[in-house]
Amino acid sequence: MDLRHLKYFVAVADEQNFTRAAEKLHISQPPLSRQIQDLEAELGLALFERGSRPLRLTEGGRFFYGHATRLLEQAAQAVRTTRRVALVERRLVIGFVSSTMYSALPQLVRLFRAARPQTELALLEMSTVEQIEALKTGRIDVGYGRIRLDDPAIKREVLREERLVVAIPHEHEAAIPDKVITLAEVARHDNLVYPHSPRPGYADQVLSLFRDAGLEPANVHEVQEMQTALGLVAAGMGLCVVPASVHRLRPDEVVYRPLAEPQAVSPIIMSTRLHDQSPDVVLLRNLIDDIYRAQAEERRRTEEAQALADR
């Protein structure tokens with residue numbers, strides 16, 4: 001049995017007719033019939049009810065059809081992905097969710113371009129759900145998202161857990177300087193979450209935080225973009241739980257206060273194809289370690305300087 005047998009079988013099943021299937025495959029009918037007979041002999045069962053018009057699958061044929069179509073799609077995907085990976089030295093495509101653009105991603109892009117000027121680098125904003133499919137089809141080579149999605153074809157690595165903060169209108173009663181706010185306090189007010197779709201997404205991550213604490217926000221308003229949510233916060237329409245790295249957005253209209261709960265974090269996740277060890281992907285991963293080490297050292301120096309100032 002080889003892929004040709006599966007291709008012929010699926011064509012006959014789809015067309016429900018040997019003659020039309022042969023025309024679709026650009027072969028004559030007798031060789032097609034022999035290939036199906038050989039396949040049935042190897043399986044030891046009939047795949048089609050020969051006397052039916054139109055041609056119908058047997059129960060075994062229906063079962064085999066599901067597996068055959070999946071195997072053909074996996075083979076086609078392997079070809080597409082291999083061709084895409086072969087071009088990785090000339091072009092690397094990164095998918096990212098918008099909030100990662102305010103953390104280490106811009107610095108990562110600058111460092112990569114300096115290290116690999118010969119590689120064209122492209123960035124595509126897309127949700128974590130969209131990144132998984134884009135990796136499998138070869139549209140992107142690396143994804144940076146926030147949602148834990150399992151897929152056997154994808155390698156997923158949590159780079160760090162980022163603290164979450166609450167975006168609050170400047171004139172809001174909760175906008176107290178240096179205040180640490182609890183989820184219970186946030187839940188008493190209108191909450192803006194994003195994105196509206198696709199799901200699951202960051203909105204579900206935030207809502208799960210409330211539910212895990214036995215809380216239900218007073219009112220939840222779903223919007224599509226983080227920037228839209230922060231604009232509505234600035235307009236006094238509610239509060240919004242966001243990653244700490246976005247705290248520089250709308251500084252004249254919005255204040256950001258840390259959440260008290262230690263579980264109020266959001267992962268930054270790097271996703272790649274399962275066995276992709278291309279030099280550019282490996283370099284990206286090493287550069288991320290360099291960035292995080294430098295950030296940790298900078299925090300240490302800042303804390304030491306502050307401790308000396310407090311003495």
Side-chain angles (χ1 to χ4, degrees), residues 94-106 108 123-135 140 142-151 154 156-169 181-187 189-213 215-235 237-250 254-272 288:
I94 296 175
F96 67 97
V97 297
S98 61
S99 62
T100 60
M101 186 54 75
Y102 303 100
S103 54
L105 185 58
L108 176 64
L123 284 85
L124 296 177
E125 184 177 349
M126 58 178 62
S127 71
T128 307
V129 173
E130 293 166 333
Q131 288 176 27
I132 300 304
E133 188 59 31
L135 281 166
I140 66 173
V142 180
Y144 294 101
R146 291 190 178 273
I147 309 302
R148 290 176 168 89
L149 297 174
D150 290 323
D151 190 294
I154 301 301
R156 186 187 73 193
E157 183 179 0
V158 176
L159 301 176
R160 67 167 37 178
E161 297 281 0
E162 184 176 1
R163 294 293 303 170
L164 296 179
V165 298
V166 184
I168 308 170
I181 193 168
T182 66
L183 284 170
E185 292 175 275
V186 177
H189 303 281
D190 288 359
N191 273 259
L192 297 147
V193 298
Y194 65 90
H196 181 272
S197 62
R199 307 297 277 269
Y202 179 73
D204 302 289
Q205 192 176 96
V206 171
L207 294 174
S208 291
L209 272 177
F210 288 109
R211 291 172 186 143
D212 290 347
L215 301 168
E216 196 68 36
N219 289 293
V220 175
H221 307 283
E222 296 183 356
V223 297
Q224 190 56 36
E225 303 289 344
M226 178 182 65
Q227 290 82 355
T228 303
L230 291 176
L232 293 174
V233 170
M237 298 297 293
L239 312 185
C240 184
V241 176
V242 296
S245 57
V246 310
H247 72 277
R248 296 183 183 87
L249 296 180
R250 295 184 173 270
V254 176
V255 296
Y256 299 89
R257 297 291 178 258
L259 280 166
E261 288 78 5
Q263 71 273 23
V265 295
S266 176
I268 297 178
I269 299 170
M270 178 176 176
S271 298
T272 57
I288 290 168

Side chain to side chain contact (heavy atoms under 4.5 Å, CB included) partner of Tyr144, the single match among Leu159, Val97, Leu123, Thr128: Leu159
Within 6.0 Å of CE in Met237, more than 12 heavy atoms from elsewhere: no
Interatomic spacing from CD1 in Ile147 to CZ in Arg156 - rounded to 0.5 Å: 10.5 Å
Side-chain touch Leu124/Ile94, heavy atoms, less than 4.5 angstrom: no
Heavy-atom pair with the smallest gap, counting every atom of Tyr256 and Val165: CD2-CG2, 4.0 Å
Any residue meeting side chain to side chain contact (heavy atoms under 4.5 Å, CB included) with Arg160, in chain and number order, not counting sequence neighbours: Ile268, Tyr292, Gln295, Arg299
Residues that Asp151 engages under side chain to side chain contact (heavy atoms under 4.5 Å, CB included), provided they are two or more places apart: Ile132, Lys136, Ala153, Ile154
Gln263 side chain reached by Leu209 side chain, heavy atoms, under 4.5 Å: yes
4.5 Å side-chain heavy-atom contact, Pro258 and Ile181: no
Nearest non-hydrogen partners of Asp204 and Pro200, listed with the distance: OD2-CA, 3.2 Å
Partner set under salt bridge (charged side-chain N to carboxylate O under 4.0 Å, His left out) for Arg148, not counting sequence neighbours: Glu161
Contacts of type side chain to side chain donor-acceptor pair (under 3.5 Å), residue Ser98, not counting sequence neighbours: none
For Glu133, all residues meeting salt bridge (charged side-chain N to carboxylate O under 4.0 Å, His left out), sequence neighbours excluded: none
Side-chain touch Val246/Met226, heavy atoms, less than 4.5 angstrom: yes
Results of salt bridge (charged side-chain N to carboxylate O under 4.0 Å, His left out) for Asp212 - residues two or more places apart only: none
Close side-chain approach of Val242 to Leu230, heavy-atom, < 4.5 Å: yes
Under the side chain to side chain contact (heavy atoms under 4.5 Å, CB included) test, residues paired with Ala260 that sit two or more places apart: Val180, Thr182
Flag for Ser99-Arg146: side-chain donor and acceptor within less than 3.5 Å: yes
Residue pair Glu216 / Arg211, side-chain heavy-atom distance below 4.5 Å: yes
Euclidean distance, Phe96 CZ relative to Ser127 OG, rounded to 0.5 Å: 12.0 Å
Rounded distance [0.5 Å steps], CD in Glu130 versus CG in Leu135: 12.0 Å
Side-chain touch Pro217/Leu215, heavy atoms, less than 4.5 angstrom: no
Non-neighbouring partners of Gln205 that pass side chain to side chain donor-acceptor pair (under 3.5 Å), sequence neighbours left out: Ser266
Residues that Glu261 engages under salt bridge (charged side-chain N to carboxylate O under 4.0 Å, His left out), provided they are two or more places apart: none
Nearest heavy atoms of Ala134 and Met126, plus distance in Å: CB-SD, 3.9 Å
Worked verdict on Val220 versus Leu207 for side-chain contact (heavy atoms from CB on, under 4.5 Å): CA-CA 9 Å; Val220 175; Leu207 294 174; 4.1 Å; yes
Minimum heavy-atom distance between Ala167 and Val233, given as atom pair plus value: O-CG1, 3.7 Å
Kindly list each side-chain donor-acceptor pair under 3.5 angstrom involving residues 189-198, sequence neighbours excluded, with atom names and distances?
residue : atom : partner : partner atom : Å
Asp190  : OD1  : Asn219  : ND2          : 3.1
Asn191  : ND2  : Val186  : O            : 3.0
Asn191  : ND2  : His189  : O            : 2.9

For the student: nearest non-hydrogen atoms of Val158 and Pro267, plus distance: CG1-CB, 4.0 Å
Residues that Ser245 engages under side chain to side chain donor-acceptor pair (under 3.5 Å), provided they are two or more places apart: Glu162
Side chain to side chain, Leu259 and Val166, heavy atoms closer than 4.5 Å: yes
Approximate separation, where rounding is to 0.5 Å, of Ile140 CD1 and Gln131 CD: 5.0 Å
Residue pair His247, Arg257: steps toward the side-chain contact (heavy atoms from CB on, under 4.5 Å) verdict: CA-CA 9 Å; His247 72 277; Arg257 297 291 178 258; over 6 Å; no
Partners passing side chain to side chain donor-acceptor pair (under 3.5 Å) against Tyr102 (at least two apart in sequence or in another chain): Gln227
